[in-house]
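Below is one structure, written out as structure tokens; comments come after it.
Read the numbers this way: they start at 1 and go in the same order the structure lists the ligands and their atoms.
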Amino acid sequence: MKLIIAVVQDKDSNRLSEALVKANYRATKLASTGGFLKAGNTTFLIGTEDEHVEEVMTIIKDNCKSRDQLVAPISPMGGNADSYVPYPVEVQVGGATVFVLPVEQFEQY
Ligand code: 2BA
Ligand code: 2BA
């Protein structure tokens, strides 16, 4: 068994949830925050058998898309004013950041 951890954009989370339910996969959604943008995103925990990992990855890929997002400038409080960028910078936020971990034990009580 594997635990798939997928960090996705909030905009895609409902679509992904529905696609997982439709394909009969169980999942848990956690509200999370990106360390860099400090904006909300959604973390999915999906426990599934090894042979289903590939299909789950395809579902994630098909339902999450990357988008460009503007990062507001942060003033360099006591920092180095030379490296201060006074205008918003665009970053590309990926469709999904996915980790696949081995599960040692799985129980439901
Ligand atoms: P939920 O996804 O809201 O599911 C609540 C209950 O609904 C489940 O109880 C199960 O009895 C039923 N259920 C869920 N998906 C189903 C489906 N595709 N078809 C038919 N019935 C379905 P539990 O199995 O005790 O799960 C309780 C909660 O634990 C779940 O809430 C979910 O948040 C989490 N969970 C369960 N299995 C998981 C897994 N493999 N990976 C990640 N999270 C899991
Ligand atoms: P955030 O940390 O808010 O990052 C949003 C986007 O900002 C990133 O998109 C990346 O394009 C950019 N970015 C992040 N850190 C940066 C830095 N130090 N310098 C320049 N640009 C930076 P993604 O890479 O697609 O990541 C989307 C979200 O996925 C992240 O939100 C974070 O919540 C999660 N994530 C990404 N990589 C991770 C990792 N290795 N471990 C845990 N979570 C991760």
Element-labelled atoms of ligand 2 that are located less than 4.0 Å from some non-hydrogen atom of [X]:
X: Leu37; answer: 1 (P), 3 (O), 5 (C)
X: Val7; answer: 29 (O), 33 (O), 34 (C)
X: Gly34; answer: 1 (P), 2 (O), 3 (O), 31 (O), 33 (O)
X: Val91; answer: 7 (O)
X: Gln92; answer: 9 (O), 10 (C), 11 (O)

From NZ (Lys22) to OG (Ser17), nearest 0.5 Å = 13.5 Å
task = Find the distance between CD1 (Ile59) and NE2 (His52) and round it off to the nearest 0.5 Å.
result = 10.0 Å
Side-chain touch Leu16/Phe44, heavy atoms, less than 4.5 angstrom = yes
message = Heavy-atom pairs closer than 4.0 Å: do any link ligand 2 to the side chain of Asn41, the backbone, both, or neither?
response = side chain
Quick one: does [X] get an N or O within less than 3.5 Å of an N or O on ligand 2?
X: Gly35; answer: yes
X: Gly94; answer: yes
X: Val93; answer: no
X: Phe99; answer: no

Side-chain donor/acceptor of Asn63 to backbone N/O of Asp12, under 3.5 Å = no
inquiry  = Closer than 3.5 angstrom, by distance alone: can the side chain of Ser32 be matched with the main-chain N or O of Asn41 as a donor-acceptor pair?
reply    = yes
request  = Write down the atom of Gly95, the atom of Cys64, and the distance for their closest heavy-atom approach.
outcome  =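 So the minimum-distance heavy-atom pair works out to O-CB, 3.2 Å.
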Surrounding [atom1] of [X] (heavy atoms of other residues, nucleotides or ligands, distance under 6.0 Å), is the total greater than 12?
X: Glu54; atom1: CD; value: no
X: Glu104; atom1: CD; value: no
X: Lys29; atom1: NZ; value: yes

inquiry  = Taking non-hydrogen atoms within less than 4.0 Å of ligand 1, which protein residues qualify?
reply    = Asn24, Arg26, Ala27, Thr28, Leu45, Ile46, Gly47, Gln108
message = Quiz question: by atom type and distance under 3.5 Å, do the side chains of Gln9 and Arg67 form a donor-acceptor pair?
response = yes
ask   = Do Val7 and Ile46 share a hydrophobic cluster (ILVMFWY, side-chain heavy atoms under 4.5 Å, transitive)?
value = no
